[in-house]
Amino acid sequence: MKTRIKEYRARFNLTQEQLAKHVGVRRETIVFLEKGEYNPSLKLAAKVARALNTTIDNLFILDDKDLE
């Protein structure tokens, strides 16, 4: 899964650590999310989207292979 987390973080001048604290996870979780190496729960995806003032659909991009 691809994400636009890094792009949105840059808009708000947030570090990975700051975003992580805001949504209640470790910085490493944000790193893995940004790299597309971790599929978040719906709750975490919603928290990250809310923190970045966007929607889940704008933040997370699913390929057809992600749906298999």
Side-chain angles (χ1 to χ4, degrees):
M1 171 172 37
K2 297 177 185 169
T3 73
R4 298 174 65 199
I5 295 172
K6 188 173 183 177
E7 174 187 333
Y8 275 85
R9 265 194 320 102
R11 291 182 186 180
F12 293 100
N13 294 317
L14 288 173
T15 65
Q16 290 172 335
E17 184 71 31
Q18 290 168 325
L19 178 58
K21 284 183 181 181
H22 191 70
V23 299
V25 297
R26 295 176 19 173
R27 183 188 63 82
E28 291 81 5
T29 302
I30 301 301
V31 170
F32 288 130
L33 284 172
E34 286 184 357
K35 290 180 176 181
E37 295 177 2
Y38 176 71
N39 291 330
S41 66
L42 182 56
K43 184 176 180 179
L44 178 56
K47 283 183 175 184
V48 173
R50 184 177 295 152
L52 297 173
N53 197 32
T54 190
T55 63
I56 293 171
D57 287 344
N58 284 335
L59 204 56
F60 296 94
I61 302 145
L62 294 174
D63 295 0
D64 287 338
K65 68 178 183 176
D66 294 322
L67 299 174
E68 293 176 354

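- Residues A49 and I56 share a closest heavy-atom pair of CB-N, 3.7 Å.
- In this structure, A51 and H22 approach most closely via the heavy-atom pair CB-CD2, 3.1 Å.
- Remark: T54 pairs with Y8, N58 by the side-chain hydrogen bond (donor to acceptor under 3.5 Å, both in side chains) rule, at least two apart or across chains.
- Both V48 and F32 are part of a single hydrophobic cluster, where members link through side-chain heavy atoms under 4.5 Å apart.
- Listed by chain and number, the residues in a side-chain contact (heavy atoms from CB on, under 4.5 Å) with T29 are V25, R26, L33, Y38, L44 (sequence neighbours excluded).
- Remark: E17 engages no residue in a salt bridge (charged side-chain N to carboxylate O under 4.0 Å, His left out) (not counting sequence neighbours).
- Residue pairs meeting the salt bridge (Lys or Arg N to Asp or Glu O under 4.0 Å) criterion with at least one member in residues 4-16, sequence neighbours excluded, are R4-E7, E7-R11, R9-E34.
- Applying the salt bridge (charged side-chain N to carboxylate O under 4.0 Å, His left out) criterion to R50, with sequence neighbours excluded, gives no partner residue.
- In this structure F12 satisfies the side-chain contact (heavy atoms from CB on, under 4.5 Å) test together with L14, L52, N53, sequence neighbours excluded.
- If you take CG on L19 and NZ on K47, they are separated by 11.5 Å, rounding to the nearest 0.5 Å.
- Annotation: side chain of L59 is in contact with side chain of I5 (closest heavy-atom distance under 4.5 Å).
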